[in-house]
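To find a chain, count down the sequence lines: A is the first, B the second, and so on, and within it residues start at 1. Bear in mind the structure is a predicted one, so any value in this text is a computation, not a measurement. Both backbone and side-chain heavy atoms feed into the values below; hydrogens, waters and symmetry mates do not.
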2 protein chains.
Amino acid sequence: MARTTDNASASATSANSSITNVAALANVSIATVSRVLSGKRTKDDDIARRVRAAAAHLNYSVNYAASALRSTVTNTIGLVIPTANDPFCAQLLDEIEPVIDVDSQQLLLGIGGDQATQIQRIESLVDRHVDGLIVLPAWEAYLSAELEHYASTLPIVQVGGRQCSFRTSMVSVDENAAMEIVIGHLAERGIASVAYMAGKEISFESAELFTMFHTQMRAHHLATETEWNRFGDRSVQRGFNCAMRLFSEPLVQPEAVVCADDAIAFGVMVALHSLGLRVPEDVLVVGYNDSPIARTTMPPLTSVRPPFKQIVSEALRLLNDGPDSPAHISLAPQLIVRESTNYQR
Amino acid sequence: MARTTDNASASATSANSSITNVAALANVSIATVSRVLSGKRTKDDDIARRVRAAAAHLNYSVNYAASALRSTVTNTIGLVIPTANDPFCAQLLDEIEPVIDVDSQQLLLGIGGDQATQIQRIESLVDRHVDGLIVLPAWEAYLSAELEHYASTLPIVQVGGRQCSFRTSMVSVDENAAMEIVIGHLAERGIASVAYMAGKEISFESAELFTMFHTQMRAHHLATETEWNRFGDRSVQRGFNCAMRLFSEPLVQPEAVVCADDAIAFGVMVALHSLGLRVPEDVLVVGYNDSPIARTTMPPLTSVRPPFKQIVSEALRLLNDGPDSPAHISLAPQLIVRESTNYQR
DNA sequence: TTGTAAGCGTTATCAA
DNA sequence: TTGATAACGCTTACAA
């Protein structure tokens, strides 16, 4: 019997205490301590309380390296994103980090703007034996082979983009629903014609959206013109240029503009302003991503808000389900209605 | 002698090979393998080559958990930021991640928008035994006690903000140099008067900058008015409002506006545009942070670019120096001159 | 339900 | 230099 009560609390509140110290102080074996603290022992009797008290008193926290070495989990989640300088990625980061941390897990971050770098990051994280991997593919990054290769070892969830592998799970924004909500909202406002400034974004299937735009327009009997609707980058400049071209001609003009990104919408609003057109009285404008910019435009911008909280919770749930049950979950976004569409025709 | 050459390559290219497999294949002891692969054995003789070849052949990579358990390093760096939705933080993330990864280290990310959350994140990361900790304090987060407490255990580098502790290292942007460069640039353009829209940012000592603004203005014999210069948030709206107030009155008006953030500058430019004032012919505008927005304003915005690469390399160097030699490094930013100040009076 | 003891894969120690 | 071996702190059979 190695139970020693004497001098057990000698090194109290010293941070570098191991499970042995806790066991000694609680007067139980290290196995019991391990079981109580890891939740493998459900009863909340005197022993459990003694262990927890001892752990608290010694300011004990498990050594993750030792834990990971012996068991099969590392309590880490890997996240690979193309860049932090993207409103979708940044908002997702802000949403996912606290959720992971309350699980007493940690977030290992990999950033890669192209296919090669993303593959490197994925391999690094797999080497670290992360418990799960969440990947936001970079624009034009084909990660199929990579993801398939690790899909059997490790639960992987892809977020957004073109689906890379049917062997990994995927969570994405339901772009069809997004467009339905946007066009429905504009139809309710009494709008007759809409222009669409499409994009080619990370989080977003542009072609699918473009198709859905026309489907929804027909469904609501709204008008559009081929030359109104273009693919392009999602910069303020692009929105400005497109809107200047569109609204400075004395031809027929759309009563509303739907943009694939808030930045484009911002550019559109600046252009309209400089042309003497008022938002929303003359033209309604809708953005996408509900980035911080949407709250600070003048007037504030109605924008499609990706369901970040749901994306995060579904992604983590799919990771927990393990690699054997891949699923594709599509989540409807929410339309945040602000001043830029607050006008009834 | 436990050297076995037979069936050593049986499990070749199987990913889950340990140091034992490598040792067997290379016909040396595991200790030698460890020394060769960790660089503790400098010679590049036949043994070293054999070991490396075996490791490559078996697709071996060290088990970080085991390595961390035995040695004192985990090959992880902790980074705590207030939010990813901030251009300074986002750009720093994009810069720091690749530098860490080439060191075959990994980035553990903690996000906390307030003092309590940041303290939690710091504690989580310390529990994980990160080799070093980089902290960007949140606005009004006082982390002194926390940082001091861990400063002896762990190298900590604070980036930006008010200095929390003299026992930890710090890397910051030299705001005095920033203001000197900005005002110097405007003076060269032949400007006579300048307004300053100060901020209260994460990466940025507003009061210090405000003082330096006046110092530099005097040094260059430029004029300013008390009511031109206000503290405030760094939103587009704020810039717009301030500029509208400033430039719609028929009083004396500044010939240039310096802003504590690109977003403010953007708002200013929108306001000027709507008042019929041209940038840069009528008013010069300077931003701060050189965020993606600066390249997409119309015209493109001259902006102070924090020296991200240097901040990253200095922070990592200070981490490597260990916790015993705290230093404060102040790095001069660079002025990215674009169209918004490209006008000679 | 508890304690004992055997590893997990690596690095550090020490003797050769 | 090298190899044998003892930790590192934990989890998990297995036995009590």
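- Residues meeting the side-chain contact (heavy atoms from CB on, under 4.5 Å) test with Q120(A), sequence neighbours left out: none.
- Taking atom CD1 of I47(A) as the reference point, atom C1' of dG3(C) lies 11 Å away to the nearest angstrom.
- Evaluation of the side chain to side chain donor-acceptor pair (under 3.5 Å) rule for R50(A) yields D46(A) as partners, not counting sequence neighbours.
- Within the structure, the salt bridge (Lys or Arg N to Asp or Glu O under 4.0 Å) test picks out the following pairs touching residues 114-124 of chain B (sequence neighbours left out): E97(A)-R121(B), D101(A)-R121(B).
- For A48(A), the side-chain contact (heavy atoms from CB on, under 4.5 Å) partners at least two apart in sequence or on another chain are V36(A), R41(A), D44(A), D45(A), R52(A).
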Name the atoms and distances for all side-chain donor-acceptor pairs under 3.5 Å in residues 141-151 of chain B, with sequence neighbours left out.
unit_1	atom_1	unit_2	atom_2	d
S144(B)	OG	C164(B)	O	3.1
E148(B)	OE2	S165(B)	OG	2.7

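- Proximity of S29(B) to the phosphate of dT2(D): no side-chain N or O atom is located under 4.0 Å from OP1 or OP2.
- Under the side-chain contact (heavy atoms from CB on, under 4.5 Å) criterion, S71(A) pairs with S67(A), V73(A), sequence neighbours left out.
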Inset, instruction - Fill in the dot-bracket string of DNA chain D, one character per base: . for unpaired, | for a pair to another strand, ( ) or [ ] for pairs within the strand, taking Watson-Crick or G-U pairs under 3.5 Å. - result: ||||||||||||||.|

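- With rounding to whole Å, N75(B) atom CG is found 15 Å from dG9(C) atom C1'.
- You'll find the side chain of S18(A) reaches within 4.5 Å of the side chain of N21(A), heavy atoms only.
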Inset, instruction - Sugar-phosphate means primed atoms, P, OP1 and OP2; the rest is base. With that split, encode nucleotides 8-16 of chain D 5' to 3' as B, S or - using protein heavy atoms under 4.0 Å. - result: BBBBBB---

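- If you measure from atom CG of D44(B) to atom P of dT1(D), you get 14 Å, rounded to the nearest angstrom.
- The CZ-C1' distance, from R50(A) to dT1(C), rounds to 13 Å in whole Å.
- With sequence neighbours left out, the side-chain contact (heavy atoms from CB on, under 4.5 Å) criterion links P326(B) to S169(B).
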